[in-house]
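For reference, the structure is listed below as structure tokens.
The figures here come from the full heavy-atom set of this structure, side chains too, leaving out hydrogens, waters and symmetry mates.
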Amino acid sequence: MSPKHIRISDYDYPLPDERIAKYPLPQRDHSKLLIYNKGVVSHDLFCHLPEYLPGGALMVFNNTKVIQARLHFHKSTGALIEVFLLEPALPSDYELIFQATGHCSWYCMIGNLKKWKEGPLTRQLQIGAQQFTLTIERGEMHGTSHRIDFSWDSPGVSFAELIDVIGELPIPPYLNRATQESDKTTYQTVYSKIKGSVAAPTAGLHFTPEVLASLDAHGIDREELTLHVGAGTFKPVKSTMIEGHVMHTEYVSVSRHTLDKLLRHQCRAIAVGTTSVRTLESLYYMGLKVMKNPHLAPEELHVTQWEPYDTEAAAPPQEAIAALRDWLDSSALSVLNSSTQIIIAPSYEYKIVKMLVTNFHQPQSTLLLLVSAFVKGDWKRIYRYALDNDFRFLSYGDSSLLIP
């Protein structure tokens with residue numbers, strides 16, 4: 001059954017502003033952990049998470065790293081223009097664009113666009129002893145964003161170095177505060193590695209080296225993949241029914257090693273965060289595609305918004321993931337790089353994710369739909385318990401372990 005006619009107003013709940021965590025706790029792993037175990041709700045501290053997980057299980061983390069995606073320029077008139085990096089345009093590969101020297105292009109959102117009619121904007125920079133000029137020019141529209149061409153006259157400086165100096169970390173808009181120096185550390189997971197996100201995969205913010213070591217001691221197998229979180233993650237659902245909401249595309253990178261590990265665990269996983277969920281579940285549909293046509297290019301594996309509901313789930317997860325691994329081998333690739341637009345909503349049947357660690361999400365959000373689908377509609381009881389027991393909400397808030 002397609003969930004297109006779900007009314008988003010059915011996924012509302014009262015969230016007072018004082019329940020939104022504006023800052024993280026001093027100790028990441030001392031946040032609260034709600035445990036939903038087959039309908040029974042209780043709570044503990046996050047540092048005790050490993051005690052609730054079955055030994056020998058596979059836990060999957062998103063190792064994306066948040067970039068300093070907000071860049072500010074002043075026009076000669078004094079007007080402030082904000083350029084917000086969304087996704088690479090040229091080169092289109094995340095790894096290559098951060099290594100780029102001299103010039104590159106991004107698709108960006110532009111703040112105060114009406115004040116920037118035409119012409120380049122410049123900014124003087126210094127990195128170490130090097131002084132140079134950064135110039136940006138506006139290119140064509142790309143959906144709701146613009147292509148921005150960056151050029152700088154210091155070819156020894158990479159784009160990654162450049163944004164580390166002038167960029168600002170984009171914390172969520174609902175925090176209603178300016179980014180602080182501490183956010184550069186607290187708004188990254190301790191295992192973040194691959195630059196590209198404009199928002200953190202926040203379920204991962206609770207993990208510390210000590211909790212990771214405890215998972216190892218409990219015999220939990222850990223694996224990482226990459227989904228670069230886009231600004232669309234904060235895009236509100238404005239349509240009455242969710243069929244009117246267009247999901248954003250996000251870029252995924254999964255190694256052959258990860259597919260192998262999934263197969264060794266019978267394609268059953270504990271997902272850390274909704275981004276890991278979206279990636280793991282998308283892999284199933286990518287596998288179905290290559291079972292039908294083993295000659296597809298990586299970009300043709302893109303999972304569209306409604307694909308899971310329009311596709312006959314014709315194969316067990318092991319067969320789909322094995323087909324994807326074989327496709328990588330036949331394409332002489334060690335890493336799958338593609339994208340997903342998947343929406344997970346009530347009526348969705350989970351293929352790979354069997355347990356989920358996740359924070360508490362905004363009312364009337366697609367992430368709340370994903371949680372509802374996972375707990376077979378029992379989300380209201382979970383959120384009522386969290387509200388009644390002083391849990392902190394959203395990105396810097398507390399978390400939950402969901403076992404349907």
Indicate yes or no: does D10 engage R7 in a salt bridge with an N to O separation below 4.0 Å.
-> no
Are D260 and R256 close enough for a salt bridge, meaning some N to O gap below 4.0 Å?
-> yes
Look only at the side chain of S192 and the backbone of Q188, and say whether a donor-acceptor pair between them is shorter than 3.5 Å.
-> no
So, S154 and Q130: side-chain donor and acceptor under 3.5 Å apart, yes or no?
-> yes
Only one of D44, L34, T358, L49 passes side-chain contact (heavy atoms from CB on, under 4.5 Å) with L401; say which it is.
-> L49
Only counting residues at least two apart or in another chain, list the ones meeting side-chain hydrogen bond (donor to acceptor under 3.5 Å, both in side chains) with Y385.
-> H43
Could E82 and R70 be called an ion pair, given the rule that one side-chain N must be under 4.0 Å from one carboxylate O?
-> yes
Donor-acceptor contact present, side-chain Y36 to main-chain S400, <3.5 Å | no
Nearest-0.5 Å distance, CG of residue L212 to CE of residue M59 | 9.0 Å
Test: R19 and D17 ion pair at under 4.0 Å = no
Have S395 and T202 got a donor and an acceptor in their side chains that come within less than 3.5 Å?
-> no
For the residue pair E87 and Y251, confirm or rule out a side-chain donor-acceptor distance under 3.5 Å.
-> yes
Neighbour count >12 (heavy atoms, 6.0 Å) for atom NZ, K75 = yes
Under 3.5 Å, is there a donor-acceptor pair between the side chain of R147 and the main chain of W106?
-> no
Check: S105/D149 side-chain N/O donor and acceptor closer than 3.5 Å | yes
Please state whether the rings of F393 and Y13 are parallel, tilted or perpendicular, taking 30° and 60° as the class boundaries.
-> tilted
Is the number of heavy atoms from other residues, nucleotides or ligands under 6.0 Å of E299 CD greater than 12?
-> yes
In terms of side-chain geometry, is the basic nitrogen of D164 or K184 positioned less than 4.0 Å from the acidic oxygen of its partner?
-> no
Does K261 come within less than 4.0 Å of E223, counting only side-chain N to carboxylate O?
-> yes
Between the side chains of N63 and T226, does any donor sit under 3.5 Å from an acceptor?
-> yes
When the ring planes of Y94 and F98 are compared, do they come out parallel, tilted or perpendicular, using 30° and 60° as the limits?
-> tilted
Backbone N or O of L80 within a donor-acceptor pair of the N112 side chain at under 3.5 Å?
-> yes
Any salt bridge between D183 and R177, counting N to O under 4.0 Å?
-> yes
Got a second to check how far F132's CZ is from R123's CZ, nearest 0.5 Å?
-> 10.5 Å
Is it true that the side chains of H206 and S31 contain a donor and an acceptor less than 3.5 Å apart?
-> yes
Under a 4.0 Å N-O cut-off, is there an ion pair linking K289 with E300?
-> no
Do E224 and K193 sit within salt-bridge range, that is, some charged N less than 4.0 Å from a carboxylate O?
-> yes
